[in-house]
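Before any comments, here is the structure.
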Amino acid sequence: MKRIGKMAGVALATMTVAGCASLMVETDYGKVALDMLKNDFVSKGPATVERVVNQDEAQKLCSDYPLERPAAISAQIEAGQMKTIKLPADGKFLGKWQEGEKIAQSGRGMQSSDAVGSVNGGNCYACHQLTKEEISFGNIGPSLYHYGEMRGQGEAILNYTWGKIYNAQAYNACSNMPRFGHNGVLTEAQIKDVMALLLDPASPVNK
Ligand code: HEC
């Protein structure tokens, strides 16, 4: 009697452990988080719940590999994102750096407190140093101070810089930088102005 009781106890413990393990494996935390967002996030103005929960293929892949990503997956994402880049229709890459500075300074647009269709900013300073004058900047991204002075305005630099601003994920699969052109955050004219901020020799970025 005693022996059987002991064995039953062991079996029960094993089952409990196995049960917990299978529960842990089966919980889809991605889905749990998504359901939470769908249920609790309320759309207001241009800040819509669709924008938060509807991931495109690149975003899904980045979520599937949050820590380490096989090189082939990164290459797949980058190739797909590269195809989305639209170069300036008139072949002119540079606008006015003075306007670019205002865009880089502005973090407005697409927030619940903004009007639908209002002009968006680029908020570049939130992540990058750009000029010597502005001392309040974030550092998630590299400093862009002297960007144009160091790189010049060759065709490859124009194409790369435009592409990076248009769709940062074309060059870095799961970049933290917003895809300004691809997601319609900045217009073509605004990207030209920001390009001038980075590349015009007269811009404070290059002083
Ligand atoms: C939320 C943060 C964030 C914002 C906002 C942001 N960036 Fe970035 N940016 C990054 C990060 C991080 C990198 C480096 C990693 C990478 O390449 O994706 C980067 C890289 C770059 C590069 C490439 C630098 C190099 O040395 O090749 C350029 C150019 C750039 N950003 C320009 C801009 C401009 C212009 C804006 C505003 C319109 C902007 N970024 C807004 C995060 C940001």
Side-chain angles (χ1 to χ4, degrees), residues 46-47 51-52 56 58-59 61-63 65-69 71 73-82 84-88 93-111 114 118-134 136-207:
R51 235 178 73 203
V52 181
D56 66 16
Q59 288 170 320
L61 283 170
C62 291
S63 299
Y65 301 95
L67 300 174
E68 274 182 59
R69 214 166 35 249
I73 298 286
S74 296
Q76 181 192 331
I77 295 171
E78 286 166 13
Q81 297 300 295
M82 196 67 82
T84 70
I85 296 173
K86 289 191 188 72
L87 295 175
F93 285 84
L94 304 189
K96 292 198 183 96
W97 68 258
Q98 292 89 340
E99 292 305 311
E101 169 68 9
K102 287 183 209 156
I103 295 163
Q105 290 276 1
S106 167
R108 296 312 304 264
M110 299 169 93
Q111 300 172 37
D114 291 311
S118 59
V119 176
N120 301 324
N123 214 10
C124 316
Y125 279 104
C127 301
H128 296 283
Q129 178 185 28
L130 286 133
T131 61
K132 196 164 77 245
E133 289 72 25
E134 179 52 86
S136 169
F137 53 83
N139 59 5
I140 293 176
S143 171
L144 301 174
Y145 185 49
H146 285 166
Y147 185 89
E149 193 187 276
M150 288 191 293
R151 305 203 184 189
Q153 282 187 28
E155 203 189 330
I157 288 299
L158 289 175
N159 281 317
Y160 162 70
T161 309
W162 183 278
K164 185 74 196 172
I165 298 168
Y166 196 95
N167 188 340
Q169 288 183 239
Y171 291 96
N172 179 5
C174 299
S175 174
N176 285 323
M177 178 163 149
R179 297 176 288 176
F180 291 104
H182 180 56
N183 284 340
V185 178
L186 296 181
T187 63
E188 187 187 82
Q190 285 180 306
I191 299 178
K192 287 184 182 198
D193 292 337
V194 170
M195 285 283 287
L197 179 67
L198 292 181
L199 295 168
D200 190 328
S203 157
V205 166
N206 299 312
K207 294 287 175 198

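Because the structure is a prediction, the values reported are computed rather than measured. Both counts, for ligands and for their atoms, begin at 1 and track the order of listing.
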query: Which is it for Leu144 and ligand 1 at heavy atoms under 4.0 Å: side chain, backbone, both or neither?
result: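 It is the side chain that gets close, since no backbone atom is under 4.0 Å.
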Would you mind checking which non-hydrogen protein atom is closest to [atom], with the distance to 0.1 Å?
atom: atom 11 (C) of ligand 1; value: Gly141 CA, 3.6 Å
atom: atom 1 (C) of ligand 1; value: Cys127 SG, 2.7 Å
atom: atom 27 (O) of ligand 1; value: Tyr160 OH, 2.5 Å
atom: atom 35 (C) of ligand 1; value: Val194 CG1, 3.2 Å
atom: atom 42 (C) of ligand 1; value: Met177 CB, 3.5 Å
atom: atom 12 (C) of ligand 1; value: Ile140 O, 3.6 Å
atom: atom 15 (C) of ligand 1; value: Asn172 ND2, 3.6 Å
atom: atom 18 (O) of ligand 1; value: Ser175 OG, 2.6 Å

message: Heavy atoms only: which of Gln169, Met150, His128, Gln190 lies closest to atom 10 (C) of ligand 1?
response: His128
- prompt: Out of Gly121, Cys124, Ala104, Pro178, whose heavy atom sits nearest atom 38 (C) of ligand 1?
  reply: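 Heavy atom nearest to atom 38 (C) of ligand 1 belongs to Cys124.
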What are the two closest heavy atoms between [X] and [Y], and how far apart are they?
X: Ala58; Y: Ile77; value: CB-CG2, 3.9 Å
X: Lys164; Y: Tyr171; value: N-CE1, 3.8 Å
X: Leu130; Y: Ala104; value: CD1-CB, 4.2 Å
X: Cys62; Y: Ala173; value: SG-O, 3.8 Å

message: Applying side chain to side chain contact (heavy atoms under 4.5 Å, CB included) to Leu87 and Phe93, what does each step give before you reach the verdict?
response: CA-CA 8 Å; Leu87 295 175; Phe93 285 84; 4.1 Å; yes
Flag side-chain contact, heavy atom, 4.5 Å: [X] against [Y]:
X: Lys192; Y: Pro88; result: yes
X: Leu158; Y: Leu199; result: yes
X: Ser143; Y: His128; result: no

message: With heavy-atom distances below 4.0 Å as the criterion, list the atoms of ligand 1 near Asn123.
response: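 Listed by number with element: 5 (C).
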Subset of ligand 1 atoms that lie under 4.0 Å from at least one heavy atom of Phe180: 36 (C), 37 (C), 38 (C), 39 (C), 41 (C)
message: Please tell me whether Thr131 and Tyr125 have a donor and an acceptor in their side chains that are separated by less than 3.5 angstrom.
response: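 Short answer, yes.
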- request: Examine ligand 1 and decide if any of its atoms is less than 4.0 Å from a heavy atom belonging to Tyr171.
  value: no
- prompt: Under a heavy-atom criterion of less than 4.0 Å, does Pro142 contact ligand 1?
  reply: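 So Pro142 counts as touching ligand 1.
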task: Report yes if some N/O of Thr161 lies less than 3.5 Å from some N/O of ligand 1; otherwise report no.
output: no
query: Would you say ligand 1 has an N or O under 3.5 Å from any N or O of Arg151?
result: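 It does: an N or O of Arg151 is found under 3.5 Å from an N or O of ligand 1.
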message: Can you confirm whether Glu155 is buried at CD, in the sense that more than 12 heavy atoms of other residues, nucleotides or ligands lie under 6.0 Å from that atom?
response: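 At most 12 heavy atoms, drawn from other residues, nucleotides or ligands, come within 6.0 Å of this atom.
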Member of Arg179, Gln81, Glu78 meeting the side-chain hydrogen bond (donor to acceptor under 3.5 Å, both in side chains) criterion with Gln169: Arg179
